[in-house]
Protein chains: 2
Amino acid sequence: MRVNSLTEENYLKALLALSVTSDEVSVNDLAKHLAIKMPTVTSMMKKLAAKRLVQYESYKPIKLTKKGRQEAAGIVRKHRLTEMFLVDKMGFGWEQVHDIAEQIEHIKSPAFFDKMDELLGFPTLDPHGSPIPDKTGKIEWKHYEKLSDCKPGDKVTLSAVLNSSSDFLKFLNSRDLKLGVNLKIDSIEPFDKTITISIGKRKEVLSNLVCEKLLVEKVT
Amino acid sequence: MRVNSLTEENYLKALLALSVTSDEVSVNDLAKHLAIKMPTVTSMMKKLAAKRLVQYESYKPIKLTKKGRQEAAGIVRKHRLTEMFLVDKMGFGWEQVHDIAEQIEHIKSPAFFDKMDELLGFPTLDPHGSPIPDKTGKIEWKHYEKLSDCKPGDKVTLSAVLNSSSDFLKFLNSRDLKLGVNLKIDSIEPFDKTITISIGKRKEVLSNLVCEKLLVEKVT
DNA sequence: TTATAAAGTTAGATTGATCTAACAAATTTT
DNA sequence: AAAATTTGTTAGATCAATCTAACTTTATAA
């Protein structure tokens with residue numbers, strides 16, 4: 001009843017990710033997120049419930065317990081510390097690190113991640129602007145806003161991205177969109193919510209799909 | 001027929017380790033080395049033979065194929081690069097790195113290990129003095145000798161250790177025995193082959209069990 | 001050179017993680 | 001509120017990796 005399997009860890013992580021909005025997660029959503037079938041989820045929920053990592057009753061939504069949430073946060077902590085290490089200490093681009101961190105997050109060695117943490121100077125944000133959970137499992141998001149929720153005329157700084165996939169980040173790279181750049185919202189197309197922004201003198205047109213993945217802070 | 005499971009990788013690594021002496025390995029030895037039962041080995045050998053990673057026929061000893069040997073060397077390469085990285089770039093002691101590397105060696109990301117290699121300046125030896133296999137799978141051991149095979153009066157340099165376990169290396173640490181130290185063999189007890197050595201002015205008594213794990217080079 | 005011991009294999013069971021097919025409950029639509 | 005749809009569960013199968021028990025082959029020793 002002590003260590004969780006790699007598979008169990010992935011369920012916990014998925015549950016945490018899906019809990020951002022509602023804190024209750026459906027079997028269906030979890031199955032889709034993990035690309036597995038619902039019966040597999042049902043049986044795993046029974047196992048995780050027996051380990052007191054989730055709250056689960058037939059036909060009711062799933063909730064992480066405090067213990068489950070902490071274990072999940074521990075994995076996310078390892079993931080984000082790793083991403084930070086790969087970028088800051090090893091020279092990878094932010095678009096290269098997600099898949100590697102996805103594997104390294106399962107390494108069992110507190111000393112390894114403590115050392116990363118120390119070498120990095122105890123960072124609080126990963127290369128994509130997401131908060132690194134602290135050792136107790138607390139995860140503190142800054143008060144960001146989605147670019148898709150901004151108004152024409154707003155001046156903002158790009159502070160985080162909600163998708164760390166290589167493809168998305170390569171797209172941002174191609175437009176020179178990195179964390180910290182300052183943007184001005186020029187106009188929003190009412191029909192499809194496409195946004196035209198200025199970055200210095202350059203103009204870019206970004207689809208709503210993209211803007212929903214970009215978190216910004218207002219600058220005054 | 002492309003990727004090997006973690007379990008398969010561990011069989012290949014074990015086969016390579018056991019091949020140092022004879023290049024043919026018995027089911028029994030492999031079972032003992034992996035702390036599993038013989039029938040499990042038999043069935044895995046059938047699988048690895050189907051993947052052309054080993055040569056295997058009933059009641060005959062097991063041999064790695066060229067392909068199997070290369071895959072095994074690839075894992076050892078990842079293991080030893082990792083150990084080197086942990087010591088040289090992250091500040092771990094040589095006694096701390098084996099267990100972490102044992103996990104990281106299974107990470108699937110050529111870029112990750114290439115980056116380590118580059119940051120380390122393409123090292124050829126790991127922190128325990130073992131050669132890092134090159135990318136083609138070649139492993140070149142220097143011409144070392146076991147301390148247990150030396151004669152009284154020999155002056156030698158400690159060049160490698162044949163056991164990377166934390167316990168063994170802590171023992172060496174406690175005696176200030178690191179790679180590169182110069183030793184003189186003072187005497188060998190005929191009864192149990194215990195060796196007395198001088199390190200500068202200090203004297204140490206080392207059991208035969210320990211001396212068999214220490215590889216040295218003669219100094220002239 | 002036969003008897004005994006050691007090494008190796010086969011057969012069948014177990015466990016974890018997955019699946020499909022069939023059924024049941026809950027929700028949504030008409 | 002009945003019908004249709006979606007969601008969730010159960011039952012039973014599969015696959016990988018392991019085990020034990022029983023049997024066979026090979027090696028060793030008397």
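Keep in mind it's a predicted model, so treat the numbers as computed, not measured. Below, chains carry the letters A, B, ... as their sequence lines are ordered, and counting in each starts from 1.
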Leu30(A) CG - dT18(C) C1' separation (whole Å): 14 Å
Touch class at under 4.0 angstrom, heavy-atom based, for Ser43(A) against every strand present: base
Residue Thr42(A), side-chain atoms from C-beta onward, closest of dT9(D), dT9(C), dT18(D): dT9(D)
Glu9(B) side chain to Ile75(B) backbone, donor-acceptor under 3.5 Å: no
Sugar-phosphate, base or nothing in reach of Ser5(B), heavy atoms under 4.0 Å: sugar-phosphate
Member of Glu71(A), His79(A), Glu102(A) meeting the side chain to side chain donor-acceptor pair (under 3.5 Å) criterion with Lys13(A): Glu102(A)
Residue whose nearest DNA chain C nucleotide is more 5′ - Pro39(B) or Pro39(A): Pro39(B)
Selection from dT9(C), dT18(C), dG8(D) that lies nearest to any side-chain heavy atom of Val27(B): dT9(C)
Options dT18(C), dG8(C), dT18(D), nucleotide nearest the side-chain atoms of Thr40(A): dT18(C)
Length of the NZ-C1' vector between Lys37(B) and dT9(C), whole Å: 16 Å
Rounded distance in Å - CG (Leu6(B)) to C1' (dT18(D)): 15 Å
Distance in angstrom units between Glu57(A) CD and dA24(C) P, rounded: 21 Å
Separation of atom CG in Asn28(A) from atom P in dT9(D), rounded to whole Å: 11 Å
Tyr59(B) OH to dT9(C) C1', straight-line distance once rounded to whole Å: 4 Å
For atom CE of Met45(B) and atom P of dA7(C), their distance in whole Å: 17 Å
Main-chain N/O of Ser130(A) paired with Asp126(A) side-chain donor or acceptor, under 3.5 Å: yes
Any donor-acceptor N/O pair, His33(A) side chain to Leu18(A) backbone, under 3.5 Å: no
Atom-pair distance (CD1 on Ile36(A); P on dC19(C)), nearest Å: 6 Å
Donor-acceptor contact present, side-chain His98(B) to main-chain Ser166(B), <3.5 Å: no
Touch class at under 4.0 angstrom, heavy-atom based, for Lys46(A) against every strand present: sugar-phosphate
dG16(C) phosphate, OP1 or OP2, under 4.0 Å from Tyr11(A) side-chain N/O: no
Proximity to the side chain of Met38(A) - top-ranked nucleotide from dC19(C), dT7(D), dT10(D): dT7(D)
